[in-house]
Structures are given as C-alpha cells and as structure tokens.
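Comments concern the structure below.
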Amino acid sequence: MAWRGCSTLRLLLIRACLLCPLAAEAGLYSSADQVVLLTPDTVASVLRNNSAALLVEFYASWCGHCVAFSPVWKALARDTREWKPAVDLVAIDCAFEENSRVCRDFGIAGYPSLKVNASMSAGFPRDVLGLRHLIIRKIEEHHDSWPPACPPLEAASKAEIDSTVQTNSMEYLALVFETEDSYVGREVTLDLLQFSNITVRRVLKSERELVSELEVTDFPSCYLRRRDSNFTRLHVLNEARTFYSYALQRLPGVVRSGKSKPVTSDLLQNGTQVQWRPFDRSGVYMSDLESALHYSLRVEVAARSVIAGPALDALRSYISVLAKNFPGRPMVKRKLQSLDAWMKSWEEGELPYSSLRAALDQSNQTAALPRGVRWVGCQGSRPHFRGYPCSVWTLFHLLTVRVMVFMSPAGPLEVLWTMRRYMHNFFGCRYCATHFEQMAEENMDSVTMLSEAVIWLWARHNQVNNRLAGDLSEDPHFPKIQWPPPDQCRECHGVKGGGEHAWNQAQVLAFLRSHYSAQHLNMTYLEKEVEVLEVLEQPQEHGKRSPGRNGRETPDPAPPEQEEEEVQKPALPRLRRSSIVSLRMRERPPDDIVDLDSFISEHYKAKAVHRAPLSGRIRQVDLQPGDLDPGRGARHWMTVLLGSGFSGLDVSLCVLFYLLSTMCLLGMYLCFKLRCRLRRTKVALP
C-alpha cells in the first residue's frame, strides 16, 4: 500500500468512527476502545486514503478465538494511543452481512486475521508486546515512502546528533542508548510523537565515539540535553520504555501539540473569579467530597422533576451507601442518615424532586449538608476543567476503600453497583455514562472480594485517563496519567519480562488504602458549620442550577480577624443599655411594661447567638421554668444583670448606694431608739 499525503478529512472520518454511537453498539469493540470501527462506507477513507500505518483486525463476533483475542486488541489500542496519527488500529466484524463484501475483497478466510499495511500477517503474536514490535517492523520494512506523520525511527550517528544540536530549535533533545535488538528507543520516540518541544533519537551501542564521549555504561539508558546545556543522565525508577516516556512527557515546557504551554499565572487568575487555593496534589480534601454531594443531590438529581422506577431505586441505593460509609463531619453524616431514613419511609412509587429538596434543605444545628461547591484538590486552571467529574471519582474511590476497611457485610459489589446505577440514571455526561456502563458490562460481575472492588475501580479510572489523555477536556496543568505515578508510589511500579511495565497490585492496594483513609482526609478550606447553617437559611429557588459543569464556587471563609464582623447574625430585639453614670439630659422614652420571664428567655437566646461564631455552631437555648428558681443563688441573678445591659460600674454603684442607704436606715433606727429610751427615763424621774 502506498503512503499518501496526510488528509484532514481522513482524520475527521476516523474521529467520527470513534464517536459513532451505532458502531459502539455492535461487535466486540466500542467507541471507548480507541479502535477505528470499519464499515463499508468508510473503507475508502480509512484503508486507502491514509497517511498512517494501519493494523486491521478482521474478526467474527461469534468466533470464540476472536472473543478471547479482543482484550489483547483493546490493550494494544490503549498502549499505542500516543502513536497516532502515525499508527491506527482498525477492526471490522465480518459476521455482519453488510461487512462481508469488504472481508471478501481482502481475501479473509479465517478469523481472527490481521493485515498490516494491506499485507497479511500469518501467525501473528497474541500479546501486546509482540504486536507492538510487529507494528514497528512493518513500518521499517515499508520501502515505498515513509509515513508522513511518523518520526524517524532509525538509529542516529554522532554526526547526525552533532548537526541536530547545532540546528535543533527544540527545548530538549533526548538520546536513548540501546542494543541493536532493543525496541525501547523506537517505542519512546513514538510515545513522544504527540508532544512538542522535544526530539527523541535512538543511538546504538555500536556508536562508540558518542558512547565514549557521554561515558554511557548502561543499555538501555537515556541522556537528556536542554538547549544551551550539556547532556545529563535521565534518572528513572526502571530503565524501561514506560518510565522514560513518563519522565520526558512531564518535563517543563513539553506539551501536547496543539495545546498552549501552561502558564503559572493561570493558576492564580484562573477565570473562575475565585481565588486559587494552594493544595497538596497528593491529598484528599473533604471540601471536594462535600461539593460532590451538593452537586449530585441538588443539581444532577434535580434534572428529574419526578424520580420513579429504576431511578428511584438508584437514588435510594446512593443515599444509603453514603449514609453508611461517608466519612464526613458529624453534621453531614447525621444529615445523610436522616435523609436515608426519610427515603426509606417514602412509600409512594414516585418521588417529586421538590419533596426531596425540601428534605435535603431542612436543617438544624446538628444535621445539615453544605450548599454550593468549593473545589480544592479538584479545582482546574479553567472553569470547565476537572471539578465535579474529579470529585465523583474521588468519592467512589473513597467509598470502596471504606467498605473494604470495615468489612461491609453488603458485599464487594455494593458500591460498584451503586456507582453504576447512579451514572446510568443521573450523571449528566451521557457519553461518560455510556462508557462506564460498557466497562461495567465487561467484567464488573467478576469482582468477588472487597479488595477486588477497590482494584477494579482504580483500573477503570486509569483506563478512562488513558482514553481522555490529550482530549480537549484535559487540563494542561493536570494531565491525565496512569495513577499513581512513580514519584507518588515507587513500589506500585515494576518491570516484567521484556522490560514491560507492570503494576504491583498488592502495593497499589496498600497505597489506595492509605491514600483514601479517614486519617488522610484534609479538612482545609471547609466552611464553618455556622456559615453552612446561615447559607441554608437563605431562600433559594429549588432546582436552580449552578453555572457551568463544575458548579458554583462558594467564596472562601473570611480571615479570622474579620469573621466575627462579617458573619450575619439573626435579628434579635435590641436591648437598651442603661447607665446611671451618664447624667446627660435626654428625652426619656415611654416606659414599657416588660414581662420578666420572656425578657430573660430572650436574653439567653441572644447570648447563645453572640457566642456562636466562637463555638462554630448556633445552639438553641430555651429557658426552662426551673431556671428562675431562687435557689440557684445570687450568682445567677448577677449574670442576669450583667447580661441585661448594665455595666460592671453600674452594678458596683448600685451595691454601694444600697449599703449606704442600709447604714443610714440603721443609724436612724438607733437614733430613734435612743431618743425613746431617754424620754422614758425623764418620765420616770420624781
């Protein structure tokens, strides 16, 4: 097959094939598998008018060997996704009658069959490593012309390297030193195909002059040169393709082609009109989890005015799992538990969302769910990046770990089924929900242990990251990677035969258990409970959606020195301060008859509200009849006086005048008694 010029139309057609809902529903592959799904209408555009090396699988969906081979083909598509547009994986189901003519034209007599660049590959390998090497060999064996989108894969000489150093305008030049039978250098070159500002070349061990000049002793090994500097060894966890590619793709200034270079100031002025919140990328923030609860229950579920049937069952399951396993603040946990009890008591077959919203917003001093979103670990550099989808993944990862740690008797599938049903019924991104359903249908039922549920969700999340890497939805400041990266969990990564990357799942499980533990949750940036209650007391139209996919940002709490002034307090009767010190003449207001019992009751309520900002919670204080018992002593009444508007000086003067008047009355009594005694004495004299 002759290589022809790159066609923009062809690329658009391939994208259309990948996104076509009809194609996604047929055969062994779907649009989420990153495989071009071939049909009779797209044969000419995909197979003949192309600028890439094509690896085409002809299969029959009823063929048992084809079904067994399909996971390998999907894994190969994920593994080589960075090789586009130099390499494309294609598949066509010959079991469909409309496709039979295409399969017949290509001389397909058995399944599965592979064709690379229109030539049949007999006895092809059945593993990802072997198929990847087959692709590279077929590209190098093609003699007509080099694929326009494919970078040079041949080994470079010292003269070529010297010329590249002199003329190269790229920020980085990476050299992979290896033996002649190694594929690492060529694979890393293709892995960096979609990235700009870096050039990767392969250098053989036989290039003695260059090997001696850089003092290379290990094969393979990678040496990196930055513009206007010397070559230095690139230190990685393991000398293998995956570790080289990861390190080179994360270099400062290396970005995907077509994407602008991330600017640090974007994080400080991110267009969200909310101040950027510095955070630890390795942390899990409770603010993200509470924001996910708000957005899912007050925005996503609100899309249905009436919830019934499977959607109502999914909502009950979602709230029940949250009530049992969410490790939130006591106020939020109590609210989820009360909401769960309310949902279980709802006996009708249909639930109006207005009723759910009323139950959700009903709060008191001990149970409430914050309103609004405040992203921290899930905040993006732009309003449309990350946010809610990030928080949903975080929430369900946390729930699977909690269920495993506490050995939930409900079984390993409780959280996974809850997530699957929630995504199917409520998640706003329908393509995302469809892709998750396809992953769940594939092998979710094979999960039989609590630890397997944790690993299953982690693996599916990495699968989604692989599919969306380089997509328009990817935040350039937070690229979608295979998580956790080596710099966050070294023990999670290993190498198997042939230098292939391998996950150490035992270490991954230990890492996830620690990462999503309650002790690891970060409570920074949370709203204080008194602020949560004040927001919930403010009227808001039910069903009103926050602007943007990621929800409405809630302003950060005021600085400590301003909190007491800025917190809105409930309106209370104003108590007039009395003073007997000030002798200024003023118009005397009319006297009011005040009921002492109600006055003291209002006094205690006012004290409770004024103390609320310091304690973080408004507490209702109701005066009981026994509180007015004189037996409580003078200290109780002194507290009443001091809290009723009298100053300490006023009370001191009152006490002083009381003592003086008492002494005066005593003196008058003694004087009167003495005079009476003298008068009786005079009467008694002869």
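With hydrogens and angles disregarded, no donor-acceptor distance shorter than 3.5 Å links the side chain of N443 to the backbone of S446. Side-chain atoms of H435 come within 3.5 Å of backbone N or O of Y431 as a donor-acceptor pair. Side-chain atoms of S245 do not come within 3.5 Å of backbone N or O of T242 as any donor-acceptor pair. Between the side chain of H294 and the backbone N or O of G372 there is at least one donor-acceptor pair closer than 3.5 Å. Under a 3.5 Å cut-off, the side chain of Y111 and the backbone N or O of G64 do not form any donor-acceptor pair. A distance-only check finds no donor-acceptor pair linking the side chain of E491 to the backbone of Q507 [under 3.5 Å]. For the pair R81 (side chain) and A469 (backbone), a donor-acceptor distance under 3.5 Å is present. Between the E531 side chain and the E527 main chain, no donor and acceptor come within less than 3.5 Å of each other. Judged purely by atom type and a 3.5 angstrom limit, R386 uses its side chain to pair as donor or acceptor with the backbone of Q379. In terms of modelled atom types and a separation under 3.5 Å, the side chain of R277 and the main chain of W375 share a donor-acceptor contact.
For D487, there are no side chain to side chain donor-acceptor pair (under 3.5 Å) partners two or more places apart in sequence or in a different chain. Scanning for ring-ring contact (aromatic ring centres under 6.0 Å, His included) contacts around F326 gives an empty result, with sequence neighbours left out. Scanning for disulfide bond (SG atoms under 2.5 Å apart) contacts around C66 gives an empty result, with sequence neighbours left out. Partners of D79 according to the salt bridge (Lys or Arg N to Asp or Glu O under 4.0 Å) rule, which considers only residues two or more places apart in sequence or in another chain, are R132, R241. Partners of C63 under the disulfide bond (SG atoms under 2.5 Å apart) rule, at least two apart in sequence or in another chain, do not exist in this structure.
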If you look only at distance, which donor and acceptor atoms sit under 3.5 Å apart when one is on a side chain in residues 402-417 and the other is two or more places apart or in another chain?
{"from": "R402", "atom 1": "NE", "to": "N325", "atom 2": "O", "distance (Å)": "3.1"}
{"from": "S408", "atom 1": "OG", "to": "A410", "atom 2": "N", "distance (Å)": "3.2"}
{"from": "E414", "atom 1": "OE2", "to": "K324", "atom 2": "NZ", "distance (Å)": "2.6"}

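When all heavy atoms of L339 and A359 are compared, the closest pair comes out as CD1-CB, 4.1 Å. Nearest heavy-atom pair, K335 versus L360, reported as atom, atom and distance to 0.1 Å: CE-O, 3.1 Å. The minimum heavy-atom distance linking V35 with A77 is given by the pair CG2-CB, 3.8 Å. Contact between A440 and W456 at its shortest, heavy atoms only, is CA-CZ2, 3.9 Å. The minimum heavy-atom distance linking W276 with G380 is given by the pair CZ3-O, 3.5 Å. Of all the heavy atoms in V321 and L399, the pair that sits closest is CG1-CD1, 4.0 Å.
Relative to the six-membered ring of F436, R460 misses at least one condition, a distance below 6.0 Å or an angle of at most 45° to the axis. Y525 does not carry R374 over the face of its six-membered ring by the limits of under 6.0 Å from the centre and within 45° of the normal.
Note that the CG atom of L395 and the SG atom of C390 stand 11.0 Å from one another [nearest 0.5 Å]. Note that the CE atom of M439 and the CD atom of E437 stand 10.0 Å from one another [nearest 0.5 Å]. Here Q249 contributes atom CD and Y246 contributes atom OH; the two are 9.5 Å apart, rounded to the nearest 0.5 Å. Distance check, rounded to the nearest 0.5 Å: CG of L450 to OG1 of T400 gives 10.0 Å. Atom CE of M423 sits about 11.0 Å away from atom OH of Y318, to the nearest 0.5 Å. For the atom pair CG (D340) and OG (S320), the distance works out to 4.5 Å, reported to the nearest 0.5 Å.
Heavy atoms from other residues, nucleotides or ligands lying under 6.0 Å from CZ of R490 number 12 at most. Surrounding CD of E441 are more than 12 heavy atoms belonging to other residues, nucleotides or ligands, all under 6.0 Å away.
Judged by distance alone, the side chains of Y422 and S317 never bring a donor and an acceptor atom under 3.5 Å apart. Judged purely by distance below 3.5 Å, without hydrogens or angles, the side chains of N465 and W483 never pair a donor atom with an acceptor atom. A donor and an acceptor atom, one from each side chain of S391 and D288, are nowhere located under 3.5 Å apart.
Using a 4.5 Å heavy-atom cutoff, the side chains of R316 and K344 are not in contact. Between S30 and D33, the closest side-chain pair of non-hydrogen atoms falls below 4.5 Å. Using a 4.5 Å heavy-atom threshold, the side chains of M331 and L369 count as separate. Taking 4.5 Å as the limit, some side-chain heavy atom of R126 sits within range of a side-chain heavy atom of F69. Side-chain contact between V284 and N522 is absent, with no heavy atoms from C-beta onward closer than 4.5 Å. Residues D475 and K480 fail the side-chain proximity criterion, which asks for heavy atoms closer than 4.5 Å. In this structure, L521 and Y285 have side chains that are not in contact, with every pair of non-hydrogen atoms separated by 4.5 Å or more. Side-chain atoms of N425 and I307, non-hydrogen and from C-beta on, never get closer than 4.5 Å to each other.
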Take W503 and H493 through the test ring pair (Phe, Tyr, Trp, His ring centres under 6.0 Å) and record every step on the way to the result. CA-CA 5 Å; W503 289 102; H493 299 265; 4.5 Å; yes
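Relative orientation of the F427 and Y388 rings is parallel, given thresholds of 30° and 60° on the angle between their planes. Taking the six-membered ring for Trp and thresholds of 30 and 60 degrees, H520 and H515 have ring planes inclined between 30 and 60 degrees apart.
Y29 pairs in a side-chain hydrogen bond (donor to acceptor under 3.5 Å, both in side chains) with only one of the listed residues (E57, Q34, K74), which is E57.
In this structure, F243 has its ring center under 6.0 Å from that of H501.
Using a 4.0 Å cut-off between charged nitrogen and carboxylate oxygen, R256 and E82 count as a salt-bridge pair.
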